[in-house]
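Only one structure is covered here, and it is reproduced in the block below.
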2 protein chains.
Amino acid sequence: MKKKDMISASILAAAETLFQKWGIRKTTMEDIAQEAGKAKSSLYYYFKDKEAVLEAVATAQAERIIRIVREEVEKKKTAREKLLTYVYTSFRETRRAITLYEIARGEMRATPGVLRKVIDKYHALEEEAVEEILRFGKKRKEFRIIGRHDISDTSQAIVTIMRSLIISLFIESDDKKTIDQIIALLSEGL
Amino acid sequence: MKKKDMISASILAAAETLFQKWGIRKTTMEDIAQEAGKAKSSLYYYFKDKEAVLEAVATAQAERIIRIVREEVEKKKTAREKLLTYVYTSFRETRRAITLYEIARGEMRATPGVLRKVIDKYHALEEEAVEEILRFGKKRKEFRIIGRHDISDTSQAIVTIMRSLIISLFIESDDKKTIDQIIALLSEGL
DNA sequence: TTTCGACCAATATTGTATTTTGGTCGAAAT
DNA sequence: ATTTCGACCAAAATACAATATTGGTCGAAA
């Protein structure tokens, strides 16, 4: 049981490397096998098909992002700082994870199905993380409005904004000043 | 001088109809000419090339959206209502103007250049409109923060959010509740 | 339990013939 | 002088067939 996991992991590592380098579509099972030092047919002993490999890589990346973001957020004292850090770190790490980035925009149309599941789960985790920050801000009485509005709806709105921004700011330039301004708007209101 | 403008307009009308129906790329100059009841080569008497036709159509649509949005916004009394109306109307009309919508996402990569100009100008007009609302809200003392922050930066941030939302909400479902929540966030803060 | 070569159907790629398209020009019509 | 259009061309898009890759299976070997 231990050995199988090790090799699975090495295959995933190989796949992730190649996905980053050439993109999902241009990476073949043969490529992955070669990078992992295996025969192509051996991969099918560890993963059902290419989609399964993709799902595993995407899941691992999503979990990695969530973990890093939570670590960074935890270091900050105020809810406002936490929210700011959350957005920045999430941006940076999402961009770094090209696979997810590709998924988030164009290439997803070419590879739907399984990835929808991964992304939905990822967004759910994101909402949880934001909710935590909001609850923290409420406890500290840093945020005024949250008593009146549902905390879950609010974090959903914030994640929606973020998701949209990530998609479009990937295309355009990532204007740091604009992001700061948006955070200020969110936390202080007009 | 009058007749030339009339025919120009009829060509643009034909072009717009076909752009909506078949998309920019699938609409040929021959199609437009036929729809306008002219010979293809006649179009070149009125417009330099296909790009010029496209630019004129896009500009007209942008101006139309701005006009409608301003009309709707003017009817509202409070700055908050104005802002809400602005977002809703802008969403609705942008979606209705499929040409601009196509431009806003995928197809723009296939038709850059001239359209970049039109869109930039359109965004500038949008920012102006939002700025007006913000100034109005400041005068009524409806918005607190605006003294401290630059009003131009703030409206730029709002337009950025809106633009992102439009792009991504076009793809996903346009959850009205989410938009309401976002507006609440913007106007009240956390 | 794990690996892999041989093999296959389906997909993707490539090279080429053919058509379509954007755009020009000069002659005719108004 | 203004406006229209058919004939024409080079470049781009399309269609199609030949070819090569790719994802995936299977049974035999390690």
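None of these values were measured; they are calculated from a predicted model. Because only heavy atoms are used, hydrogens play no part in the values below, and waters and symmetry mates are left out as well, while side chains stay in. Throughout, protein chains are lettered first and strands after them, A, B, ... in sequence-line order, and every chain is numbered starting at 1.
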Scan nucleotides 28-30 of chain C against the protein and return all N/O pairs shorter than 3.5 Å with their distances rounded to 0.1 Å.
none

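- Using a 3.5 Å distance cut-off with no hydrogens or angles, the side chains of A:S8 and A:D5 do not pair a donor with an acceptor.
- Partners of B:E55 by side-chain contact (heavy atoms from CB on, under 4.5 Å), not counting sequence neighbours, listed by chain and number: B:T59, B:V114, B:K117, B:V118.
- Nearest heavy atom pair, residue A:E127 against residue A:V159, reads CG-CG2, 3.7 Å.
- The shortest distance between the side-chain N/O atoms of A:Y45 and the OP1/OP2 oxygens of C:dT3 is not below 4.0 Å.
- A stem is defined here as three or more consecutive Watson-Crick or G-U pairs, each with both distances under 3.5 Å; for DNA chain D these stems are C:1-30 with D:1-30.
- Transitive grouping of hydrophobic side chains (ILVMFWY, heavy atoms separated by less than 4.5 Å) keeps B:F136 and B:L134 in distinct clusters.
- The minimum heavy-atom distance linking A:A39 with A:A33 is given by the pair C-CB, 3.7 Å.
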Inset, instruction - I would like to know whether B:Y86 and B:I158 meet side-chain contact (heavy atoms from CB on, under 4.5 Å); could you show each step before the answer? - result: CA-CA 11 Å; B:Y86 178 82; B:I158 292 179; 6.0 Å; no
Inset, instruction - For side-chain contact (heavy atoms from CB on, under 4.5 Å), just list the numbers for B:D31 and B:W22, CA-CA rounded to whole Å, side-chain angles, deciding distance to a tenth of an Å, and then say yes or no. - result: CA-CA 10 Å; B:D31 293 331; B:W22 300 343; 3.5 Å; yes
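- Contact check, A:Y46 against C:dT3: a side-chain N or O comes under 4.0 Å of OP1 or OP2.
- When rounded to the nearest whole Å, the span between NZ of B:K38 and C1' of D:dG6 equals 15 Å.
- Here the P atom of nucleotide D:dG6 and the CG atom of B:L43 are 12 Å apart, to the nearest Å.
- Residue A:L54 contributes atom CG, which lies 12 Å from atom P of D:dG23 at whole-angstrom precision.
- Straight-line distance from the CD1 atom of A:I7 to the C1' atom of C:dC4: 13 Å, rounded to whole Å.
- The two residues B:K82 and B:E74 come nearest to each other via the heavy atoms NZ-O, 3.8 Å.
- With sequence neighbours left out, the side-chain contact (heavy atoms from CB on, under 4.5 Å) criterion links A:R64 to A:R67, A:I68, A:E93, A:R96.
- Considering only side-chain N and O atoms, A:S42 lies under 4.0 angstrom from the phosphate OP1 or OP2 of C:dC4.
- A:D153 meets the salt bridge (Lys or Arg N to Asp or Glu O under 4.0 Å) test with B:K177; sequence neighbours excluded.
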When you compare the protein's N or O atoms with those of nucleotides 18-25 of chain C, which come within less than 3.5 Å of each other, and at what distance?
unit_1: C:dG22; atom_1: OP1; unit_2: B:K50; atom_2: NZ; d: 3.2
unit_1: C:dG22; atom_1: OP2; unit_2: B:M29; atom_2: N; d: 2.7
unit_1: C:dG22; atom_1: N7; unit_2: B:K40; atom_2: NZ; d: 2.8
unit_1: C:dG22; atom_1: O6; unit_2: B:K40; atom_2: NZ; d: 3.4
unit_1: C:dG23; atom_1: OP2; unit_2: B:Y44; atom_2: OH; d: 3.3
unit_1: C:dG23; atom_1: OP2; unit_2: B:K50; atom_2: N; d: 2.7
unit_1: C:dG23; atom_1: N7; unit_2: B:K40; atom_2: NZ; d: 3.4
unit_1: C:dG23; atom_1: O6; unit_2: B:K40; atom_2: NZ; d: 2.8

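- With A:R70 as the partner, the salt bridge (Lys or Arg N to Asp or Glu O under 4.0 Å) test is satisfied by one option alone out of A:E126, A:E132, A:E63: A:E132.
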